[in-house]
Every structure is written in structure tokens, then in C-alpha cells.
*Asks:* 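What follows is a structure written as C-alpha cells; I'll ask about it next.
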Number of protein chains: 2
Amino acid sequence: MVVDCANCPLRKFEVFDSLNRDETAFMRRFKHGELKVDPGTPLLMEGSNSPQLYTALRGMGLRYKILPNGKRQVVNFILPGDFLGLQAGLMGEMQHSVEATTPMVLCVFDRAELWTLFKNEPERAFDLTWLSAMEEHFLGDALTSIGQMSAVERLSWGLLRYFTKCRDLGLADGSRCPFPYRQQDLADALGLSLVHTNKTLMKLRQRQIVSVQDGCLTILDHDTLADSAMLEVKRPQRRPLI
Amino acid sequence: MVVDCANCPLRKFEVFDSLNRDETAFMRRFKHGELKVDPGTPLLMEGSNSPQLYTALRGMGLRYKILPNGKRQVVNFILPGDFLGLQAGLMGEMQHSVEATTPMVLCVFDRAELWTLFKNEPERAFDLTWLSAMEEHFLGDALTSIGQMSAVERLSWGLLRYFTKCRDLGLADGSRCPFPYRQQDLADALGLSLVHTNKTLMKLRQRQIVSVQDGCLTILDHDTLADSAMLEVKRPQRRPLI
DNA sequence: CGCGAGGTTGACCACCCTCAACACGCGTGG
DNA sequence: CCACGCGTGTTGAGGGTGGTCAACCTCGCG
């Protein structure tokens with residue numbers, strides 16, 4: 001019932017580094033089991049001290065923070081291959097919450113073994129740091145987007161980023177990919193109001209640039225979109241999978 | 001002329017973890033030298049593949065990204081103890097630029113030895129990941145601030161965060177600390193226009209909350225400021241220094 | 001003395017927010 | 001079967017926060 005790391009369905013995608021036999025053996029020991037959750041289930045809570053680390057195996061979710069005044073910032077959309085819980089693992093406490101938006105399957109690791117990983121598996125430790133640096137990079141980009149771009153540009157940026165990540169994971173069918181989020185989620189991710197997000201999405205759809213409908217994201221004019229998002233099209237960078 | 005890691009002037013501050021003799025010995029080997037730069041000197045450039053890693057020892061700077069349209073996002077203010085260049089070290093290319101705003105002294109490390117560090121110094125590797133996760137956490141907070149807060153709140157947040165970090169480093173004198181940045185830098189950090197930043201700073205000064213003048217930041221009403229910034233006052237968390 | 005960098009201020013207006021109402025599909029219970 | 005509530009998407013009206021433009025001031029420096 002539980003996926004063996006040697007047959008990990010994600011590993012076959014080009015974006016992910018491959019492992020040798022020893023490394024696979026370690027992952028197999030490191031993996032404690034799997035967790036299946038329904039949409040809406042909170043996986044990690046801000047301020048909690050969860051003893052578990054996860055890698056998303058199937059399904060999608062989102063990472064967010066809640067302010068004292070009730071406002072919410074969506075920090076990231078979670079896709080398969082994303083590693084969750086490192087902050088609690090290292091710093092003792094989660095700084096954001098994570099919630100599933102579709103049914104999800106996650107690999108579960110024991111935080112107590114993090115130290116073993118650093119001690120005995122320097123390659124994996126390196127990968128972990130790599131992932132953390134990648135996330136840092138993404139957040140820097142997001143900050144730049146929210147801080148300096150208009151509503152049309154932000155939506156272009158967010159949707160294109162999301163689509164590209166989906167495509168690298170084999171989740172896209174041509175120029176379409178699943179998008180199990182509400183407009184409110186997008187709005188909270190990009191620092192826009194729900195109403196303005198709606199109107200801007202409408203504009204982008206009418207201009208035949210992108211369309212978000214019925215849980216699907218469709219890229220209609222990739223070039224114009226990339227332009228508006230101020231993103232260059234580049235070959236996906238290989239990354240570690242833990 | 002060059003500071004010996006055993007006598008590192010930063011290490012004495014409470015915020016930083018202490019090292020045992022072996023660890024100090026490694027740091028001494030890892031440290032290749034020092035770099036002194038003048039204000040305005042670029043230390044790292046976006047897109048470059050610098051072979052060097054740095055730790056700021058003295059002086060201040062800032063980290064920023066430039067968009068194709070010329071707009072700039074200041075990602076972070078650099079203070080002593082901050083580690084620079086990890087992204088290039090791991091992912092091959094810097095994703096942002098770093099520039100000095102005061103005279104700075106930096107410890108220089110060789111990126112090629114990063115792997116040695118992971119292989120032979122798991123504690124240091126752990127610390128490196130810790131730092132990366134901390135930066136990730138900070139960026140998540142910044143995103144939330146820029147995405148969800150008003151101008152007054154953002155400025156409160158940015159200034160209080162900066163002041164707290166300064167104080168933990170012994171750089172504050174009572175409720176004052178050096179602030180070698182222009183209003184334009186603050187504006188670019190918080191996603192506001194220069195003019196609006198100016199007017200909002202004025203408002204905060206008149207209300208006797210905080211004042212930014214002549215390269216100095218003064219906290220006039222810490223409680224109100226923390227309130228407006230939606231930040232709780234907590235004991236500084238100890239962190240690694242590399 | 002002239003110049004440039006940074007700070008300050010006012011006028012104007014646009015982008016985006018808020019409020020409010022309505023449409024639509026779905027599940028539940030009467 | 002329909003009524004109802006709920007969550008989500010859609011649309012319009014009105015206003016405020018914050019952006020842009022432009023001018024002026026101060027200060028340090030050559």
C-alpha cells in the first residue's frame with residue numbers, strides 16, 4: 001500500500017535528481033510511512049512544534065500565515081515533491097500553516113532523525129539546504145512581484161510560475177493544468193482583494209492570455225503572459241527530492 | 001590585521017551560538033581572509049557565479065533585485081553576522097545583488113570548501129541550513145507584511161524588525177541605532193513609493209512613534225510601534241554564526 | 001559658486017479596496 | 001420534489017490609499 005522509495009513515482013521526472021542505491025536505502029529507512037488527507041485538512045499549524053516532516057507525494061495544498069487582524073497571506077502553493085516542516089525541524093516552531101486543497105498523500109519522516117541525516121548522509125543534508133535555498137529564492141521573487149508589480153503583472157507572474165512548476169511535474173496536459181484553488185487563495189497569495197483579483201482575471205481571460213475556470217488553469221498566450229510576468233522562459237533546473 | 005575566529009568580535013553576543021575548540025579550528029581553516037569595502041561597492045551581483053561566500057563582520061549593506069522595468073525590490077538589510085552568497089554556493093547563481101551602504105569588513109570563505117563542510121562538519125552544515133531556514137522565515141514575514149499591511153504598518157514592521165536585529169548585535173544605544181539607508185531604500189524594501197514613504201515617516205515622527213533622521217533610527221514609543229507592526233516582543237532567539 | 005544627492009511638500013488622479021447585491025451549483029433537510 | 005443555506009464567482013458604485021509629477025529646500029563638495 002505504501003510506495004517504496006525505490007519506485008517513487010516522482011523520481012522519474014526529469015526535474016528531480018536521481019539517487020544511487022545507498023541513497024535510496026537511506027530514504028527507505030528515513031521514511032516512516034504515508035499520510036492521506038482530505039481537502040481542507042490542516043497539515044501543519046503556525047506555532048506548533050510538529051515532530052513530523054513531510055514530502056508531498058500526490059495532491060495539492062497551500063502554505064499561509066494569518067495576521068492578528070485576521071488577514072491571510074498565502075506564502076506558496078504546495079505541489080508534489082515539496083518538502084514540508086523544515087522550519088519546525090530546525091527552529092522548533094512552524095512559522096506558517098499548511099493545508100490540503102485536494103486529497104493528498106504525503107511521505108512522513110521523523111524529525112528526530114534529521115540529525116542522523118546531517119551526521120551520516122552529507123549528500124542528503126546538502127540537498128536539504130539546497131531546497132531551503134530554493135525556497136528562499138522563490139520567496140525573494142514573490143516579494144519582488146508583490147512589492148513592485150501591478151495587479152495584471154502579479155497575476156501573470158503567479159499563474160505562470162504555478163503552471164511551469166506543474167508542467168515540470170508532468171501535471172500539465174498541453175497548456176492546461178489543474179488549479180484546485182479559489183480566487184480568494186490567489187488574492188491572498190498576491191496581496192490583492194478578492195474583487196480586484198476577479199476583475200483582473202476576467203481581463204486576462206478576455207485578452208486571451210490566461211484563463212482560470214472550473215479548477216483548471218489554461219495558458220492561452222504564453223509569450224504575452226511571460227512578458228507581463230517579467231519572467232524568462234528557461235529550462236527547468238534539476239532539484240533534489242527528499 | 002585579520003581577525004582570528006577564536007576572537008571573533010561577534011561571537012561574544014548572546015544571540016550567537018558559541019563554538020567549542022574543534023569548531024573554532026575549522027572556522028579558522030574555512031576563513032580565507034577578509035574583505036574591506038567602501039559604501040556603494042557591489043559585493044555580489046544577480047546572475048553572477050561568485051566563488052566566494054561572506055559573513056558580514058562590520059558595517060551594513062542591502063540585498064536587492066532589479067526588475068526588467070528598472071524597479072528595485074530591497075529584499076533585506078544586511079547587518080553584521082549575516083551570511084552572504086549561499087544561493088550561488090548551492091544553486092550556482094546569485095538571485096539577488098548585495099551592496100554595501102557603509103564601510104564593511106567581511107570574512108571571506110571559499111565556496112569550493114562548502115562540500116568539505118557538509119562532509120566533515122555536520123554541525124556547521126546544520127547551522128548553514130538553520131540560517132537558510134531563518135532567512136526563509138524572514139522572507140515569509142516580509143511577504144505577509146507587504147502583501148497585507150498598510151503603509152504605516154509596513155514602515156512600523158520594517159523599522160522595528162531592523163531595530164530589534166540591531167539591538168541584538170549591540171549596535172543600539174538605548175532606543176537609537178544607526179540607519180545608513182535612504183528613504184528610497186526603505187520605500188523599495190516595503191513596496192511603497194518614495195513620496196509616500198516620506199509622508200508616512202513624517203506622520204510616524206509627529207505621532208512620536210519612531211523617527212528616522214540623519215542616519216539614525218530612534219524608537220519613541222516601542223509599544224505603539226510593536227502594535228502597529230503586529231509584532232510581539234519576544235526574547236531574541238539564539239542563532240548560528242558562520 | 002554651482003552642482004548633485006537626498007529630503008520635503010502640494011496637486012492631482014488612478015489603481016485598487018470596500019460594500020453590496022446577485023448568480024449559480026451543490027448538498028441537506030423538509 | 002422543492003426550499004433553503006452555503007460557498008464561490010461576478011458585477012457595479014463609490015471612495016481612499018498610495019502613486020506620479022513637479023517644484024523647492026538643504027547640505028556637502030568640488
Side-chain angles (χ1 to χ4, degrees), chain A residues 38-40 62 67 69-74 99-102 145-159 178-207 210-218 228, chain B residues 38-40 62 67 69-74 99-102 145-159 178-207 210-218 228:
Chain A
D38 287 328
L62 45 78
L67 284 177
N69 65 11
K71 297 201 181 195
R72 181 182 74 148
Q73 174 70 39
V74 169
E99 190 172 304
T101 60
T102 69
S145 172
I146 296 193
Q148 310 298 331
M149 292 179 167
S150 70
V152 168
E153 293 165 341
R154 282 188 234 180
L155 274 162
S156 304
W157 179 86
L159 295 175
F179 192 79
Y181 304 98
R182 299 165 303 156
Q183 295 188 350
Q184 184 71 64
D185 296 327
L186 251 185
D188 288 348
L190 299 170
L192 298 168
S193 72
L194 170 61
V195 174
H196 199 61
T197 301
N198 179 288
K199 289 175 181 168
T200 308
L201 279 176
M202 213 58 106
K203 210 182 289 180
L204 288 170
R205 193 182 308 155
Q206 276 162 3
R207 290 190 199 157
V210 273
S211 150
V212 177
Q213 256 168 338
D214 307 320
C216 263
L217 168 64
T218 313
S228 165
Chain B
D38 287 327
L62 44 78
L67 284 177
N69 65 10
K71 295 201 181 196
R72 181 182 74 147
Q73 174 70 39
V74 169
E99 191 174 303
T101 59
T102 69
S145 172
I146 296 193
Q148 309 298 330
M149 292 181 169
S150 71
V152 169
E153 292 166 341
R154 283 188 233 179
L155 275 162
S156 303
W157 180 86
L159 295 174
F179 191 79
Y181 304 99
R182 299 166 301 155
Q183 295 189 352
Q184 183 71 64
D185 297 326
L186 251 185
D188 288 348
L190 299 171
L192 297 167
S193 72
L194 170 60
V195 174
H196 199 62
T197 300
N198 179 290
K199 289 175 181 168
T200 309
L201 279 177
M202 214 57 107
K203 209 183 288 180
L204 288 170
R205 193 181 310 153
Q206 275 161 5
R207 289 190 199 159
V210 15
S211 150
V212 177
Q213 257 170 336
D214 308 318
C216 262
L217 168 64
T218 313
S228 164

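The sequence lines fix the lettering, A, B, ..., with proteins before strands; numbering per chain opens at 1.
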*Asks:* I need the CZ-P distance between R182(B) and dA5(C), as an integer number of Å.
*Replies:*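 It is 10 Å, rounded to the nearest whole Å.
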*Asks:* To the nearest Å, give me how far apart CD (Q184(B)) and P (dG7(C)) are.
*Replies:*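 Rounded to the whole Å, the gap is 9 Å.
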*Asks:* Name every donor-acceptor pair, under 3.5 Å, that has one atom in a side chain of residues 194-206 of chain B and the other anywhere in the protein, sequence neighbours excluded.
*Replies:*
unit_1	atom_1	unit_2	atom_2	d
T197(B)	OG1	S193(B)	O	2.7
N198(B)	ND2	Q183(B)	OE1	2.9
T200(B)	OG1	H196(B)	O	2.7
R205(B)	NH2	V212(B)	O	3.3

*Asks:* What is the distance from CG of D188(B) to P of dG6(C), rounded to the nearest Å?
*Replies:*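 Checked: the CG to P distance equals 12 Å.
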*Asks:* For Y181(B) and dA5(C), give me the distance from atom OH to atom C1', rounded to whole Å.
*Replies:*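 To the nearest whole Å, that distance equals 19 Å.
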*Asks:* Can we say R72(B) and D185(B) salt-bridge, meaning some charged N sits less than 4.0 Å from an Asp/Glu carboxylate O?
*Replies:*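 D185(B) and R72(B): salt-bridged.
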*Asks:* Students often get this wrong, so: under 4.0 angstrom with heavy atoms, is S150(A) touching a base, only sugar-phosphate, or nothing?
*Replies:*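 Result for S150(A) = sugar-phosphate.
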*Asks:* Quick one: Q213(B) CD to dG6(C) C1', roughly how many Å, whole number?
*Replies:*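 To the nearest whole Å, that distance equals 13 Å.
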*Asks:* Please pick, from dC17(C), dA11(C), dT10(D), the nucleotide with the shortest atom-to-atom distance to any side-chain atom of Q183(A).
*Replies:*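 Closest of the options to the side chain of Q183(A): dT10(D).
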*Asks:* Would you mind telling me which of dT10(D), dC17(C), dG18(D) lies closest to the side-chain atoms of H196(A)?
*Replies:*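 Shortest atom-to-atom distance from the side chain points to dC17(C).
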*Asks:* At under 4.0 Å between heavy atoms, what does L194(B) touch on the DNA or RNA strands: base, sugar-phosphate, or nothing?
*Replies:*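 Touches nothing.
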*Asks:* Ignoring the backbone of K199(B), work out which of dT11(D), dG18(D), dG10(C) is nearest its side chain.
*Replies:*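 Nearest nucleotide to the side chain: dG10(C).
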*Asks:* Measure CG/L192(B) against P/dC15(C) and give the value in whole Å, please.
*Replies:*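 Going from CG in L192(B) over to P in dC15(C) covers 18 Å.
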*Asks:* Nearest to the side chain of S193(B), which nucleotide is it out of dG12(D), dG19(D), dT9(C)?
*Replies:*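 Among the listed nucleotides, the one closest to the side chain of S193(B) is dG19(D).
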*Asks:* OP1 or OP2 of dG9(D) less than 4.0 angstrom from a side-chain nitrogen or oxygen of N198(A), does that happen here?
*Replies:*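 No, because none of the side-chain N or O atoms of N198(A) sits under 4.0 Å from OP1 or OP2 of dG9(D).
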*Asks:* Please work out if G191(B) contacts a base, only the sugar-phosphate, or nothing of the nucleic acid, heavy-atom cut-off 4.0 Å.
*Replies:*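 Here G191(B) touches the backbone only, sparing every base.
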*Asks:* Hey, does the side chain of R205(A) come within less than 4.0 Å of dT10(D)'s phosphate (OP1/OP2), counting only N and O?
*Replies:*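 Yes, within the criterion.
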*Asks:* Taking atom P of dG18(D) as reference, at what distance in whole Å does atom CE of M149(A) sit?
*Replies:*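 From M149(A) CE to dG18(D) P: 21 Å.
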*Asks:* Atom CD1 of I146(A) and atom C1' of dC16(C): how far apart are they, to the nearest Å?
*Replies:*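 Value for this atom pair: 15 Å.
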*Asks:* Going by the rule side chain to side chain contact (heavy atoms under 4.5 Å, CB included), which residues pair with D214(A) if we only count those two or more places apart in sequence or in a different chain?
*Replies:*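 Result, side chain to side chain contact (heavy atoms under 4.5 Å, CB included) vs D214(A): none returned.
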*Asks:* How long is the gap from CG on L159(A) to OG1 on T218(A), to the nearest 0.5 Å?
*Replies:*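 The CG atom of L159(A) sits 10.5 Å away from the OG1 atom of T218(A).
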*Asks:* Where the side chain of V195(B) is concerned, which of dC16(C), dA22(D), dG9(D) is the nearest nucleotide?
*Replies:*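 Of the candidates, dA22(D) comes closest.
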*Asks:* Would you check if the side chain of Q73(A) reaches a backbone N or O of D188(A) as a donor-acceptor pair within less than 3.5 Å?
*Replies:*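 Side chain of Q73(A) to backbone of D188(A), a donor-acceptor pair under 3.5 Å: yes, one is there.
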